[in-house]
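Notes to accompany the following structure.
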Amino acid sequence: MTGPVDLAPAIVDWFSRAARDLPWRRPGFSAWGTLVSEFMLQQTPVVRVIPQLLDWLERWPTPADLAAVPPGEAVRAWGRLGYPRRALALHACAVAIAEQHGNRVPEDVDDLLALPGVGPYTARAVAAFAYGHRHPVVDTNVRRVLARTVLGQADPGPPATRRDLALMAEHLPLPRADARAFNAGMMELGAIVCTARAPRCDECPVADLCAWRAAGYPDYTGPQRVRQKRYEGSDREARGRILARLRSATIPVDEELLTAEAPDPEQAGRALEALLADGLAERTSEGIILPAG
DNA sequence: GAGGCGTGGAC
DNA sequence: TGTCCAAGCCT
């Protein structure tokens, strides 16, 4: 820590008091459980993840257990968490870990990055939280907290990965336990206090260090982010509808049922072809099924 | 590097 | 019955 402001002591202290009691923070929670939780938490809120995660780990307590079933079973168990390609990638992770890592989740960031569906955030989160390694962890919460406290702006703006990793590295305490608490604390602060809308600055442990507050809460003036396309009527919705039908099926589903009878048959046909290309569905002589392997 | 990728809840 | 947001990743 060489900069003018040191966030770590207040964050670490606050986290020790304010941290939510979440499954992946329980003592003895496995590295595999951490990896599964991080996959599920990619763009899906905590409250929706928790029950799915517990069911998942009860059914597949180690990577080899998941690797032993067809990928379609993972897609089915994924349910309505969204972005089902994550289920496919997680299954592929399980196969790789079982076959190449002795059924043990790797702890080196580079080994983790080599796994399907594991990017810069997830790799560092697993190394830091499951194994206690001292790496900076940057997710959407951390990006926002850094933007406000350090940069003095309301919004982090376009991704600036190197900048944010450097800022976190600069603030990261030396003791591993404190480094882990700082990473988790920055994420927790962004999740429950320094929120995107209506931040609760009166409850913030670093309010008196915050550059955004000191500047009088200026509005964000940087580039506006791209608006999310309408979901209603989109190809994504069509994909979701087909996959929901496949998840509930115990036998192959007739292709006509998935496309010709859809609200927009042409769109449904495109969506099905995309799902087949993505490996989220398979075409057999009997009909369409979830991937069998 | 911009766009695509599910789903549900809060306003 | 609109917009934004949620512990990202891949192409």
Side-chain angles (χ1 to χ4, degrees), chain A residues 15 19-20 22-25 29 33-53 75 78-90 92-93 112-130 135-146 154-162 164-165 168 180 183-192 194-199 220 223-247 270-271 274-275 277-281:
Chain A
F15 184 68
R20 290 169 294 175
L22 300 171
W24 45 91
R25 293 178 181 161
F29 197 74
T34 300
L35 182 65
V36 175
S37 74
E38 295 299 347
F39 262 86
M40 291 185 171
L41 287 163
Q42 292 170 6
Q43 301 285 280
T44 301
V46 166
V47 289
R48 289 176 51 205
V49 162
I50 290 174
Q52 294 278 113
L53 172 69
V75 174
W78 197 255
R80 306 190 63 81
L81 284 178
Y83 293 144
R85 57 176 53 170
R86 291 181 292 167
L88 219 48
L90 182 54
C93 275
L112 287 159
L113 282 171
L115 297 172
V118 175
Y121 163 72
T122 301
R124 288 179 176 79
V126 170
F129 300 139
H135 294 291
V137 177
V138 174
D139 75 332
T140 187
N141 292 301
V142 172
R143 280 168 33 77
R144 185 173 56 250
V145 172
L146 288 174
D155 187 284
T161 308
R162 293 196 63 80
D164 294 328
L165 281 173
M168 279 301 279
R180 182 173 45 199
N183 280 319
M186 289 286 280
M187 292 173 59
E188 189 77 343
L189 190 69
I192 67 182
C194 193
T195 51
R197 288 182 300 192
Y220 174 68
Q224 291 304 308
R225 55 184 86 182
V226 290
R227 301 207 158 177
Q228 200 168 25
K229 275 172 69 178
R230 182 183 186 81
Y231 182 68
E232 204 71 29
S234 69
D235 282 13
R236 295 165 79 166
E237 185 186 38
R239 288 168 58 108
R241 191 160 37 228
I242 291 171
L243 219 45
R245 180 71 186 81
L246 294 178
R247 282 197 307 267
R270 280 202 312 273
L275 288 171
D278 288 348
L280 283 164

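As a basis for the values below, the full set of heavy atoms in this structure was taken, side chains included, without hydrogen atoms, waters or symmetry mates. Numbers restart at 1 for each chain; the letters A, B, ... are given by sequence-line order, proteins then strands. Computed from a predicted model, the values in this text were never measured in an experiment.
Between C:dC4 and B:dG3, the two P atoms lie 15 Å apart (nearest whole Å). Here, B:dG8 and C:dC10 have their P atoms 24 Å apart, quoted to the whole Å. Between B:dG6 and C:dT1, the distance separating the two P atoms is 26 Å to the nearest Å.
Protein atom CZ of A:Arg239 is 12 Å distant from nucleotide atom P of B:dG4, rounded to whole Å. Between A:Met40 atom CE and B:dG8 atom C1' the separation is 16 Å, expressed in whole Å. One can place CG of A:Leu88 at 15 Å from C1' of B:dG6, the figure rounded to the nearest angstrom. Taking atom CZ of residue A:Arg85 and atom P of nucleotide B:dT7, one finds them 13 Å apart after rounding to whole Å. Separating the CG atom of A:Leu246 from the C1' atom of B:dG6 is a distance of 15 Å, rounded to the nearest angstrom. Counting to the nearest Å, the P atom of B:dG6 and the CZ atom of A:Arg86 are 10 Å from each other. Atom CZ in A:Phe39 sits roughly 16 Å away from atom C1' in B:dG6 (whole-Å rounding). The interatomic distance linking A:Tyr83 (OH) with B:dG6 (C1') rounds to 6 Å, in whole Å.
At the heavy-atom level, A:Arg20 lies under 4.0 Å from base atoms of the strands shown. Nucleic acid contact class of A:Pro84 (heavy atoms, under 4.0 Å, all strands): sugar-phosphate only. Across all strands, A:Val142 comes closer than 4.0 Å to no nucleic acid atom at all (heavy-atom distances). Among the protein residues, A:Ser37 comes within range of no part of the nucleic acid, since none of its heavy atoms lies under 4.0 Å from any strand. Residue contacts for A:Arg144: at a heavy-atom cut-off of 4.0 Å it reaches the sugar-phosphate backbone alone, with no base atom in range. Backbone-only engagement by A:Ala196 is indicated by non-hydrogen atom pairs under 4.0 Å involving sugar-phosphate atoms exclusively. Across all strands, A:Leu280 comes closer than 4.0 Å to no nucleic acid atom at all (heavy-atom distances). The residue A:Leu81 sits close to a base: some heavy atom pair falls under 4.0 Å. Base contact: A:Trp24 has a heavy atom under 4.0 Å from a base atom.
Residue whose closest nucleotide on DNA chain C sits further toward the 5' end, between A:Arg48 and A:Leu113: A:Arg48. Each of A:Val118 and A:Val46 was matched to the nucleotide of DNA chain C holding its nearest heavy atom; the match closer to the 5' end belongs to A:Val46. Along DNA chain B, the nucleotide nearest A:Pro158 and the nucleotide nearest A:Arg247 are compared for position; the residue whose nucleotide lies closer to the 5' end is A:Pro158.
With sequence neighbours left out, A:Asp155 forms a side-chain hydrogen bond (donor to acceptor under 3.5 Å, both in side chains) with A:Arg225. Applying the salt bridge (charged side-chain N to carboxylate O under 4.0 Å, His left out) test to A:Arg86 and every residue at least two apart in sequence or in another chain returns nothing. Legend: residues meeting side-chain hydrogen bond (donor to acceptor under 3.5 Å, both in side chains) with A:Asn183, ordered by chain and number and at least two apart, are absent.
Below the 3.5 angstrom threshold, one finds no donor paired with an acceptor across the side chain of A:Thr44 and the base of B:dG8.
A:Arg143 contributes no side-chain N or O that, together with a main-chain N or O of A:Asp164, makes up a donor-acceptor pair within less than 3.5 Å.
Between the side chains of A:Gln42 and A:Tyr121, no donor-acceptor pair of N or O atoms lies under 3.5 Å.
Within the structure, the salt bridge (charged side-chain N to carboxylate O under 4.0 Å, His left out) test picks out the following pairs touching residues 227-236 of chain A (sequence neighbours left out): A:Asp235-A:Arg270.
Protein chain A contacts DNA chain C from C:dT1 to C:dC10, reading 5' to 3' and using non-hydrogen atoms of the protein with a distance under 4.0 Å.
Contacts with DNA chain C (heavy atom under 4.0 Å) in residues 227-238 of chain A: A:Arg227, A:Gln228, A:Arg230, listed by number.
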